[in-house]
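As the structure is a computational prediction, the values presented were derived from the model and not from experiment. Below, read A as the first sequence line, B as the second, and so on, with proteins coming before strands; counting in each chain starts at 1.
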There are 2 protein chains.
Amino acid sequence: MAEKAAGTARPDLAAMVVPLGRALMAAEQPILDAHGLTMWAYAVLLRLDETPIRTQAALAEAIGADKTRIIAVLDDLAARRLISREPDPMDRRVRLLALTAEGRLLRDTVQAAIQDGEERLLTVLPAADRSGFLRALRALSTLPDLTLG
Amino acid sequence: MAEKAAGTARPDLAAMVVPLGRALMAAEQPILDAHGLTMWAYAVLLRLDETPIRTQAALAEAIGADKTRIIAVLDDLAARRLISREPDPMDRRVRLLALTAEGRLLRDTVQAAIQDGEERLLTVLPAADRSGFLRALRALSTLPDLTLG
DNA sequence: TATTGTTATACTCTATAACTATA
DNA sequence: TATAGTTATAGAGTATAACAATA
């Protein structure tokens, strides 16, 4: 306890989590590239596979992007028939978005490849740490606010 | 096991880690702001407090920044006497960097505030998950490469 | 000639503002 | 007039290239 001032017990959380996130994204990149998907395109496929979403703005919000940010992404996905994107007959201003069969297949293929790699990566951890890590990660990443003050 | 295709057991790691990192950085921001530090300036103070570093390029590399990126940061820190930055008498091309007493004090103050907040945040986790999380995080964030292929 | 640090430039990503079409 | 989507523009952040000083 006397030497507490000399060095810290652990690095700040952000100092560990942010670089880890960057490394994980970089590690996913080759897999996404192999299937012609950007990170945003993959995020769209993942999100659309959960629950149907009504507006593009809501989709953008859900994946943490700007509504203008995803338009080119949707253009590309629709052109490749990975998603459908049709005006809502009830309100022709909104575009209804949904995965096509090919879109769901691609999503499953890519995610399986990514999670296979992740499982292999996680084997470096002791079993107990590993399950605690995953549980903690899910808990923390679903917290609504997260303030330190 | 039959319903594996319908939804995945867990989100991709990057899908949890990256947003968590962003949230943690955002949560640190008010504390950094209160002390007039940017994230990069804080990263510099943290790094310089560990082991003396010889060149600016090496410092930039160590904190994951471009060498041109940190020049304005060093200008500001030096002007505020939080770091010293003098030409090496042995090789006048290089600038020797070191924390001043005030720099170390500020570093300690800010990190204490941040880690206090983090400890409070971590209390939402069961004790077992929490220690596993921290151990796993340290292990993964110090891995040299991290590939999924 | 090679290297450190600096400045100037260009590029990428993202957000803001202006526009079209529907309501 | 208000809203969904789109396009055009501007801004932040980052990296690349050119430059000055020193070796």
Do any N or O atoms from the side chain of A/Thr100 and from the backbone of A/Leu82 form a donor-acceptor pair under 3.5 angstrom?
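Yes; at least one donor-acceptor contact below 3.5 Å.
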For DNA chain D, which nucleotides open and close the run of contacts to chain B, 5' to 3', at under 4.0 angstrom from a non-hydrogen atom?
D/dT14 to D/dA23
Please work out which residues in [range] have a non-hydrogen atom less than 4.0 Å from an atom of DNA chain D and list them by number.
range: residues 61-73 of chain A; answer: A/Lys67, A/Thr68, A/Ile71
range: residues 86-99 of chain B; answer: B/Asp91, B/Arg92, B/Arg93
range: residues 34-48 of chain A; answer: none

Report yes if some heavy atom in the side chain of [X] is under 4.5 Å from a heavy atom in the side chain of [Y]; otherwise report no.
X: B/Leu74; Y: B/Ile71; value: no
X: A/Leu137; Y: B/Leu13; value: yes
X: B/Thr55; Y: B/Leu96; value: no
X: B/Leu46; Y: B/Ile63; value: no

Taking side chain to side chain donor-acceptor pair (under 3.5 Å) as the cut-off, I'd like each qualifying pair that reaches into residues 19-31 of chain B, sequence neighbours left out, listed once.
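As it turns out, the side chain to side chain donor-acceptor pair (under 3.5 Å) pairs with a partner in residues 19-31 of chain B, which skip direct neighbours, are B/Gln29-B/Asp33.
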Side chain to side chain donor-acceptor pair (under 3.5 Å) partners of residues 36-46 of chain B, not counting sequence neighbours, each pair once:
A/Asp12-B/Tyr42
Side chain to side chain donor-acceptor pair (under 3.5 Å) partners for B/Thr68, two or more places apart
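Side chain to side chain donor-acceptor pair (under 3.5 Å) check on B/Thr68 returns B/Asp66.
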Listing request: all salt bridge (Lys or Arg N to Asp or Glu O under 4.0 Å) pairs with a residue in [range], at least two apart in sequence or in separate chains.
range: residues 113-129 of chain B; value: A/Arg10-B/Glu118, A/Arg10-B/Glu119, A/Arg135-B/Asp129, B/Glu119-B/Arg130
range: residues 56-65 of chain A; value: none
range: residues 77-89 of chain B; value: B/Arg54-B/Asp88, B/Asp75-B/Arg85, B/Asp76-B/Arg80

State whether B/Arg85 places a side-chain N or O below 4.0 Å from either non-bridging phosphate oxygen (OP1 or OP2) of C/dT6.
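Yes, because at least one side-chain N or O of B/Arg85 sits under 4.0 Å from OP1 or OP2 of C/dT6.
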Taking every heavy atom of A/Arg92 against every heavy atom of A/Pro89, the minimum-distance pair comes out as CG-O, 4.3 Å
In short, A/Ala65 meets A/Ile70 closest at the heavy-atom pair CB-CG2, 3.9 Å
Specify the residues of residues 14-22 of chain B, ordered by number, for which at least one heavy atom lies under 4.0 angstrom from an atom of DNA chain C.
none
Partner residues of B/Arg93 under the salt bridge (charged side-chain N to carboxylate O under 4.0 Å, His left out) criterion, sequence neighbours left out:
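With sequence neighbours excluded, B/Arg93 shows a salt bridge (charged side-chain N to carboxylate O under 4.0 Å, His left out) to B/Asp91, given in chain and number order.
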CG on B/Leu121 to OG1 on A/Thr147, rounded to 0.5 Å:
8.0 Å
